[in-house]
Participant: 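The structure's right below; bear with me while I get my questions together.
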Amino acid sequence: MPAIMPAVTAASKSKKDDDIKLETAPFDPRFPNQNQTRYCYQSYIDYHRCQAVKGQDYEPCNYFKKVFLTMCPAAWVERWDTQIEENRFPGKIH
Amino acid sequence: MQGMSFSSLKRHPALIPLYVCVGTGCIGAVFYTLRLATRNPDVSWNKSSNPEPWNEYSNKQYKFYSPVRDYSKIESPAPKY
């Protein structure tokens, strides 16, 4: 079941105030099949690489964050975050 | 064995569909295996020179038949940095 990441957009004056625009991670032709594990892992790695190259405040990096928060199981994200903090993350970030 | 040479095959023409079917199957299997080995986005023959082989598919189609979307207009939405 596709995961949903809610994005609240500013409601225009003609709409009700509780309109929430739901969206999810967009289709990526690099990962066209049912198994989206790579999409999850690649987005996670890309987010941290983007931050390493561009700094913590670079806005476009957050695209990757939205994607991996949608696609990755929360337990994985937690495990990888812990590994990064302890400097033993196996993927290539720097 | 009869049927293994051209001259004996002419005497047993019923074997020809067998050759056609088995031949198609073998060619198909070899072709698909080679396609997977060379074109699959997850396969990398040289991990130091091609560590992330799926990136070349950010704007092209791998599937044989994909009626759902037109890949000629697709670009991977990930921002480049």
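Each chain gets a letter, A, B and so on, in the order its sequence line appears, and its residues count up from 1.
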Participant: Please state whether the side chain, the backbone, both or neither of A/Phe31 comes within less than 4.5 Å of a heavy atom of chain B.
Facilitator: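 For A/Phe31, the contact with chain B is made by the side chain alone.
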
Participant: Consider only side-chain heavy atoms of I, L, V, M, F, W and Y, link residues closer than 4.5 Å, and tell whether A/Val67 and A/Val77 are in one cluster.
Facilitator: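 Yes, because A/Val67 and A/Val77 connect within a single hydrophobic cluster, where side-chain heavy atoms sit under 4.5 Å apart.
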
Participant: Checking heavy atoms, do the side chain of A/Arg49, its backbone, both or neither come under 4.5 Å from chain B?
Facilitator: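 Contact with chain B: backbone and side chain both.
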
Participant: Assigning hydrophobic clusters by single linkage (Ile, Leu, Val, Met, Phe, Trp, Tyr; side-chain heavy-atom cutoff under 4.5 Å), is B/Tyr62 placed with B/Phe64?
Facilitator: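 Yes: a chain of side-chain contacts under 4.5 Å links B/Tyr62 to B/Phe64.
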
Participant: Should we say atom CD of A/Glu78 is surrounded by more than 12 heavy atoms from elsewhere, each under 6.0 Å from it?
Facilitator: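 No.
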
Participant: For A/Asp46 and B/Tyr81, does a side-chain donor sit closer than 3.5 Å to a side-chain acceptor?
Facilitator: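 Yes, because at least one side-chain N or O of A/Asp46 sits under 3.5 Å from a partner of the opposite role on B/Tyr81.
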
Participant: I'd like to know if A/Tyr63 and B/Trp54 are part of one continuous hydrophobic network [Ile/Leu/Val/Met/Phe/Trp/Tyr, side-chain heavy atoms within less than 4.5 Å].
Facilitator: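 Cluster IDs for B/Trp54 and A/Tyr63 match.
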
Participant: Looking at A/Arg38, A/Lys92, A/Lys54, which has the largest count of heavy-atom pairs under 4.5 Å with chain B?
Facilitator: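 Winner by heavy-atom pair count: A/Arg38.
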
Participant: Would you check if B/Lys63 and A/Pro32 make a side-chain contact, meaning some heavy-atom pair closer than 4.5 Å?
Facilitator: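 Yes, side chains in contact.
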
Participant: So A/Asp28 and B/Pro77, do their side chains get closer than 4.5 Å, heavy atoms only?
Facilitator: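 In contact.
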
Participant: Does atom CG (B/Asn46) have a neighbourhood of more than 12 heavy atoms from anything else shown, all under 6.0 Å?
Facilitator: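 Buried by this count: over 12 neighbours within 6.0 Å.
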
Participant: Which bit of B/Glu52 is near chain A, if near means a heavy-atom gap under 4.5 Å: side chain, backbone, both or neither?
Facilitator: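 The side chain, not the backbone.
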
Participant: For each of B/Gln61, B/Lys60, B/Arg69, B/Glu56, tally heavy-atom pairs with chain A at distances under 4.5 Å, and name the one with the top tally.
Facilitator: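 Max contact count across the listed options: B/Arg69.
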
Participant: A quick test of your reading: do over 12 heavy atoms of other residues, nucleotides or ligands sit less than 6.0 Å from CZ of B/Arg35?
Facilitator: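 Atom CZ in B/Arg35 is crowded, with more than 12 foreign heavy atoms closer than 6.0 Å.
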
Participant: Mind listing the closest non-hydrogen atom pair of B/Pro79 and A/Phe64 along with its distance?
Facilitator: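 For B/Pro79 versus A/Phe64, the nearest heavy atoms are O-CZ, 3.3 Å.
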
Participant: CZ/A/Arg30 to CG/B/Asp42 distance, rounded to the nearest 0.5 angstrom?
Facilitator: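 Spacing of CZ (A/Arg30) from CG (B/Asp42) equals 12.0 Å.
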
Participant: State plainly whether one hydrophobic cluster holds both B/Leu15 and B/Val22, where clusters connect Ile, Leu, Val, Met, Phe, Trp and Tyr through side-chain heavy atoms under 4.5 angstrom apart.
Facilitator: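 Both belong to a single hydrophobic cluster.
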
